[in-house]
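Throughout, a chain's letter reflects where its sequence line sits, starting with A, and its residues are numbered from 1.
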Protein chains: 2
Amino acid sequence: MNISDKIILAEAAPEDRSLAIREALRNAIIDRRLAPGTKLSEAEVGALFDVSRTVARAALQMLTFEGLVKTERNRGAFVSHPSPDEARQVFASRRLIEPGIVAGALERITPQDIEGFRRQLDEEARHINERGPAARRAEIKASGDFHLMLASVSGNAILQKFMDELVARSSLVIALYGRSGVSSCGHAEHSAILDALENGDGKRASALMIHHIDHIEADLDLQLKQGLGLKDALSLS
Amino acid sequence: MNISDKIILAEAAPEDRSLAIREALRNAIIDRRLAPGTKLSEAEVGALFDVSRTVARAALQMLTFEGLVKTERNRGAFVSHPSPDEARQVFASRRLIEPGIVAGALERITPQDIEGFRRQLDEEARHINERGPAARRAEIKASGDFHLMLASVSGNAILQKFMDELVARSSLVIALYGRSGVSSCGHAEHSAILDALENGDGKRASALMIHHIDHIEADLDLQLKQGLGLKDALSLS
DNA sequence: ACATCGAAGATTGCATACAATTTGGACGAT
DNA sequence: ATCGTCCAAATTGTATGCAATCTTCGATGT
């Protein structure tokens with residue numbers, strides 16, 4: 001586990017440190033700095049962030065609830081290693097929820113929001129044009145953030161929380177089963193969705209969102225590893 | 001806090017006791033034995049279930065994540081007291097998710113499942129015909145269980161978890177803002193949904209589900225208490 | 001009489017100590 | 001040489017103790 005954010009986050013948490021740790025680990029997981037299957041021992045996490053096992057444990061418990069971490073009794077916590085079936089469930093869920101989020105966002109979006117989205121899209125584009133694994137991670141993160149911004153604008157805190165979970169799990173799934181660079185076309189689709197939103201065309205925005213999710217899932221390689229079953233256990237250790 | 005399940009659950013939990021406590025408190029909350037706003041002190045919960053504050057705290061933390069409990073720093077945990085706005089968000093979320101669950105269930109439902117649903121509906125009917133607050137509680141519980149069974153049949157564990165949360169929150173909302181006996185018509189609607197499902201008519205089943213959710217929400221009295229704002233504080237203590 | 005300040009009690013936040021369980025390896029038997 | 005058993009190291013599960021914070025109630029002064 002090589003997370004260098006340690007100091008930054010330790011000092012930036014005057015209260016609710018377990019929440020800060022959760023956030024740090026979350027980012028590390030969706031950034032792929034922590035690979036699926038990695039063991040997250042309470043002692044190690046505690047040492048990294050300079051806290052006791054108690055608060056480290058609380059952070060891991062939160063991540064377990066989000067599905068980003070799997071804990072086995074008396075064995076410890078591991079970064080989740082979603083099966084192809086779980087992957088499909090993630091995208092099936094997103095197909096249900098995101099059109100609703102788009103519809104909600106359509107009604108509440110403000111010019112300032114649109115401005116924010118434009119900046120976000122610029123950020124995405126910037127990372128796409130950069131080279132190296134760090135840029136790649138930032139690109140994935142930024143791509144997810146677009147969907148989260150949409151959820152935040154939609155004004156439904158519950159759906160927003162669900163999307164938080166789904167986007168994070170999507171990152172894990174893409175890390176495991178992703179085939180190509182994913183987002184070169186994803187960026188264009190984000191842009192198209194925003195355009196439709198700006199023009200008040202909710203139908204079109206929702207349809208674009210569905211297609212976008214389809215494209216992301218289509219880029220995954222879910223079929224092959226499905227039959228093995230025990231391969232999970234192998235790559236887990 | 002008068003939960004008499006103490007002994008039952010304490011002995012039935014050879015492992016993962018915090019999970020059992022979470023379940024017990026969850027049931028107590030959706031059964032309305034624990035009213036919204038009730039304080040759940042760590043020491044009290046621990047004493048009731050004969051465990052240390054550590055495990056009681058873990059259970060409360062889980063409930064906090066589900067939104068059934070709200071914790072304020074250095075103040076403690078309280079049974080959630082959802083605002084009318086939160087209530088609307090709950091039902092907006094259900095309107096998005098449940099049609100998808102119905103569609104998923106349609107594809108995977110087996111004759112055994114249908115048999116199980118019929119028994120569940122009988123259970124509902126039985127409680128409706130009984131008198132007394134206990135029967136009323138059981139009725140509400142059974143009504144929620146129908147939706148959870150549907151989610152379980154749909155085969156999407158993620159959506160199932162979301163529904164778990166949404167149904168529980170719905171119970172809270174109904175407890176706070178419910179007007180009438182709610183489910184006398186709800187039962188008939190459940191039955192109609194099952195019929196449509198059995199006939200393979202997914203469109204109709206989804207439409208019935210939407211109407212069903214509309215009816216539940218329409219029975220709430222969300223407008224009036226909205227303006228007060230400080231009433232929360234009053235009923236909280 | 002009212003308001004303000006202060007101290008005691010209670011409750012949460014966190015760290016640490018101990019018990020229980022699992023894991024890995026070493027030793028010995030076949 | 002291989003398999004089985006047992007012991008030790010490591011890790012999690014749980015309890016408890018102490019510090020920090022909030023609440024409550026009373027005293028004091030205006």
note: Glu42(B), atom CD; dA15(D), atom P; distance rounded to Å ~ 13 Å
To the nearest Å, how far apart are Asp50(A) CG and dC14(C) P? 14 Å
Which residues satisfy the side chain to side chain donor-acceptor pair (under 3.5 Å) test with Ser170(B), sequence neighbours excluded? Arg94(B)
Could I get the full list of ring-ring contact (aromatic ring centres under 6.0 Å, His included) partners for Phe91(B), not counting sequence neighbours? none
Contacts of Phe146(A) meeting ring-ring contact (aromatic ring centres under 6.0 Å, His included) (sequence neighbours excluded), chain-then-number -> Phe117(A), His190(A)
Which of residues 53-66 of chain A have a heavy atom under 4.0 Å from DNA chain D? Arg53(A), Arg57(A)
Would you mind listing every salt bridge (Lys or Arg N to Asp or Glu O under 4.0 Å) that reaches into residues 58-70 of chain A, with sequence neighbours excluded? Arg22(A)-Glu66(A), Arg26(A)-Glu66(A), Lys70(A)-Glu86(A)
With a 4.5 Å limit on heavy-atom distance, are the side chains of Leu159(A) and Gln89(B) in contact? no
Nearest-angstrom distance from the residue atom CG of Asp16(A) to C1' of dT21(D): 14 Å
Tell me every residue that passes salt bridge (charged side-chain N to carboxylate O under 4.0 Å, His left out) with Arg108(B), counting only those two or more places apart in sequence or in another chain. none
Quick one: which protein N/O atoms are closer than 3.5 Å to N/O atoms of nucleotides 21-24 of chain C? Pair and distance per line, please.
| residue | atom | partner | partner atom | Å |
| --- | --- | --- | --- | --- |
| dT21(C) | O3' | Asn74(A) | ND2 | 3.4 |
| dT23(C) | OP1 | Arg75(A) | NH1 | 3.0 |

Which atom pairs link the protein and nucleotides 7-9 of chain D when you take only N or O atoms and keep those under 3.5 Å?
none

Could you state the CD-C1' distance from Glu72(B) to dG13(C), rounded to the nearest angstrom? 15 Å
Go through the structure and list residues passing side-chain contact (heavy atoms from CB on, under 4.5 Å) with Leu148(B), not counting sequence neighbours. Asp145(B), Met163(B), Asp164(B), Val167(B)
Quick one: list whatever passes salt bridge (charged side-chain N to carboxylate O under 4.0 Å, His left out) with Arg131(A), sequence neighbours left out. none
Listed by chain and number, what are the side-chain contact (heavy atoms from CB on, under 4.5 Å) partners of Glu130(B), not counting sequence neighbours? Arg126(B), His127(B), Ala135(B)
Who passes salt bridge (charged side-chain N to carboxylate O under 4.0 Å, His left out) against Arg137(A), sequence neighbours left out? none
